[in-house]
Amino acid sequence: MPQDRPVLIAGAGIGGLSLAIALARRGLACQVLERRQDPSEAGAGIQLGPNAVSILTRLGVAERLEPTVGKPEALRVHDGSSGRLLAELPLGRWIAERHHAPYWVAHRVDLHKALREVAASLPGVKILTGCEVASFEQRDDRVSVQVADGRQFEGSVLTGADGIWSTVRRQLWPAADLPYSGKTAARAVIPSSEAPAPFRASAVGVWLSPGGHVVHYPVRGGEEIALVAILKEPWPGEGWGLPVDRDALLGRLRIFSNELTSFLARARDWRRWPLYDPEPLAQWSRGRVTLLGDAAHPVLPFLAQGGVLAIEDAEVLATALARWSADPEQALAQYEQQRRPRAGQIQAASRRNGWIYHLSGLPAFARNLTLRTAPGERIMALYDWVYGWKPSVV
Ligand SMILES: Cc1cc2nc3c(=O)[nH]c(=O)nc-3n(C[C@H](O)[C@H](O)[C@H](O)COP(=O)(O)OP(=O)(O)OC[C@H]3O[C@@H](n4cnc5c(N)ncnc54)[C@H](O)[C@@H]3O)c2cc1C
């Protein structure tokens with residue numbers, strides 16, 4: 001791959017930055033074109049399963065991130081309306097030993113900062129901000145990218161890592177639909193000092209109800225708690241990370257137990273993310289252009305794997321581009337062949353989890369009975385295929 005024609009990456013999010021680092025570690029040059037002037041992240045949490053942490057370790061990001069993360073011992077599942085504990089599933093040492101990497105929970109700002117700092121420190125990585133990819137053109141052995149302000153960039157390959165509303169995907173597959181799932185996430189972060197003791201535990205808490213569910217976990221080394229409330233509601237309008245009417249939200253959260261709602265009421269600054277649930281794309285790449293992360297496969301966050309998938313994609317794509325450096329189209333074909341089935345499986349499992357979380361009546365009773373009686377290790381073992389994923393040699 002000629003060094004004067006770098007790999008172009010649209011988007012400096014989790015996926016784009018992970019790809020930049022993975023390429024640089026393999027000696028390949030890249031330019032990351034990011035729309036925002038200040039590409040910082042929203043105040044929200046992210047769970048990173050062992051399948052992500054093992055890659056972040058190889059990329060040299062984990063050691064920078066580790067001082068800020070939460071290391072939950074368990075995943076505690078509650079009945080949302082009564083507050084009753086239904087199951088305690090092992091994380092901590094159990095999952096770290098099983099999959100040779102730990103389960104972490106992080107503040108998104110910390111993850112993004114660690115990725116950005118590592119990327120910026122590596123030779124061969126150039127990050128350009130205020131650089132909105134508008135369109136691209138493919139010619140023989142190169143791709144040229146036009147940016148909204150008129151600038152043009154040339155590369156050997158273009159990767160659209162530009163998120164759920166990807167411009168690159170829209171040019172590749174203009175007919176691809178992005179339907180609203182009927183559910184919106186509200187997120188907030190609060191200081192742990194404001195939380196009652198049970199919510200400060202080193203655990204991921206999940207509260208299930210037919211109308212939605214709530215997830216919380218400690219971040220910033222236990223100093224703060226990240227909250228997510230997912231509720232069924234009509235489409236609230238476009239845009240991610242917009243402020244939410246707090247009183248209206250708290251009113252709707254009354255479907256949950258008093259213990260949980262009085263905890264949630266302590267958060268002031270709630271923001272919303274309408275969730276989308278498209279069918280998988282039949283193809284990600286065309287010629288020298290491909291997609292990665294949410295641009296390729298937006299997933300519902302009910303398995304906490306969307307960002308993790310973007311990190312996995314980055315590792316596989318960088319390996320393929322290094323291995324097939326003389327034939328980028330072959331590299332993209334190999335990448336897609338390995339990643340599309342995996343993304344499709346995670347997409348389907350995330351959807352299924354949402355369905356299980358929001359059961360009502362007898363099916364909810366049966367779910368709760370199973371959770372109360374089955375050993376936690378056995379339930380977690382059902383997710384070995386998720387957390388134990390390893391890149392196979394391309
Ligand atoms: C409520 C909620 C909870 C979640 N929880 C988890 C979790 O616990 N664990 C997990 O793994 N995942 C989780 N996810 C999913 C995760 O956030 C996404 O999958 C992840 O952010 C995708 O990363 P990405 O790099 O593909 O896209 P993004 O993070 O969206 O980054 C895209 C980047 O591209 C830039 N961009 C956009 N358009 C252009 C353009 N035209 N030109 C240049 N730049 C552009 C954007 O500014 C942005 O910086 C959650 C999602 C939601 C909504």
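As the structure lists them, so they are numbered: ligands from 1, and atoms in each ligand from 1. Keep in mind that what you see is a predicted model, and the values were worked out from it rather than measured. Values below: all heavy atoms of this structure, side chains included; hydrogens, waters and symmetry mates excluded.
Checked against a 3.5 angstrom limit, the closest N/O atoms of Leu275 and ligand 1 fall outside it. Below 3.5 Å of separation, one finds an N or O of Ala304 facing an N or O of ligand 1. Considering backbone and side-chain N/O atoms, Pro301 never comes within less than 3.5 Å of an N/O atom of ligand 1. Residue Arg35 has at least one N or O atom closer than 3.5 Å to an N or O atom of ligand 1. For the pair Gly15 and ligand 1, the shortest N or O to N or O distance falls below 3.5 Å. The shortest N/O to N/O separation between Tyr217 and ligand 1 does not fall below 3.5 Å. In terms of polar-atom proximity, Glu34 is counted as a contact of ligand 1, with an N or O under 3.5 Å from an N or O of the ligand. Taking distance alone, with nitrogen or oxygen atoms compared against 3.5 Å, Ile46 stays at or beyond that limit from ligand 1.
Nearest residue to atom 5 (N) of ligand 1 from Arg108, His112, Glu312, Glu132 is Arg108 (criterion: closest heavy atom). The heavy atom nearest to atom 32 (C) of ligand 1, out of those in Ala161, Ala12, Ala106, Ala10, is found in Ala161.
The shortest heavy-atom distance from Cys131 to ligand 1 is under 4.0 Å. A heavy-atom separation below 4.0 Å is not found between Val147 and ligand 1.
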| message | For Val69 and Val53: C-alpha separation, side-chain torsions, deciding distance, then whether side-chain contact (heavy atoms from CB on, under 4.5 Å) applies. | response | CA-CA 11 Å; Val69 300; Val53 179; over 6 Å; no
| task | Start with the C-alpha distance between Val157 and Leu332, add both sets of side-chain angles, then the distance that settles side-chain contact (heavy atoms from CB on, under 4.5 Å), and finish with yes or no. | result | CA-CA 9 Å; Val157 164; Leu332 301 193; 4.2 Å; yes
| field | Worked check of side chain to side chain donor-acceptor pair (under 3.5 Å) between His297 and Trp284 | value | CA-CA 9 Å; His297 45 69; Trp284 292 356; over 6 Å; no
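Near Ala185, the atoms of ligand 1 lying under 4.0 angstrom from a non-hydrogen atom of the residue are 1 (C). In the vicinity of Gly293, heavy-atom distances shorter than 4.0 Å reach the ligand 1 atoms 26 (O). Near Thr167, meaning under 4.0 Å from one of its heavy atoms, ligand 1 places the atoms 41 (N). For ligand 1 and Gly11, the ligand atoms under 4.0 Å from any heavy atom of the residue are 33 (C), 34 (O), 35 (C), 44 (N). Here is the list of ligand 1 atoms found below 4.0 Å of a heavy atom in Gln305: 10 (C), 11 (O). Listed by number with element, the atoms of ligand 1 under 4.0 Å from a non-hydrogen atom of Leu33 are 43 (C), 44 (N). Close approach of ligand 1 to Gly163 (heavy-atom distance below 4.0 Å) involves ligand atoms 27 (O), 30 (O), 32 (C).
At least one side-chain heavy atom of Trp240 sits less than 4.5 Å from a side-chain heavy atom of Pro274.
Ion pairing between a basic and an acidic side chain is recognised when a charged N comes within 4.0 Å of a carboxylate O; Arg151 and Asp149 show such pairing.
Using modelled atom types, one finds no donor on one side chain facing an acceptor on the other under 3.5 Å when comparing Ser262 with Asn258. Using a 3.5 Å distance cut-off with no hydrogens or angles, the side chains of Ser350 and Asn353 do not pair a donor with an acceptor. With hydrogens and angles left out, the side-chain atoms of Asp277 and Gln347 include no donor and acceptor closer than 3.5 Å. No side-chain donor from either of Arg142 and Ser156 sits under 3.5 Å from a side-chain acceptor of the other.
Checked by atom type and distance alone, the side chain of Thr159 never pairs as donor or acceptor with a backbone atom of Ala161 at under 3.5 Å. One N or O on the side chain of Arg340 and one on the backbone of Ala282 form a donor-acceptor pair closer than 3.5 Å.
Among residues at least two apart or in separate chains, salt bridge (Lys or Arg N to Asp or Glu O under 4.0 Å) pairs with a member in residues 83-104 are Arg76-Glu88, Arg93-Glu97, Arg98-Asp384.
Contacts of Arg36 with ligand 1, taken as heavy-atom pairs under 4.0 Å, involve the side chain alone.
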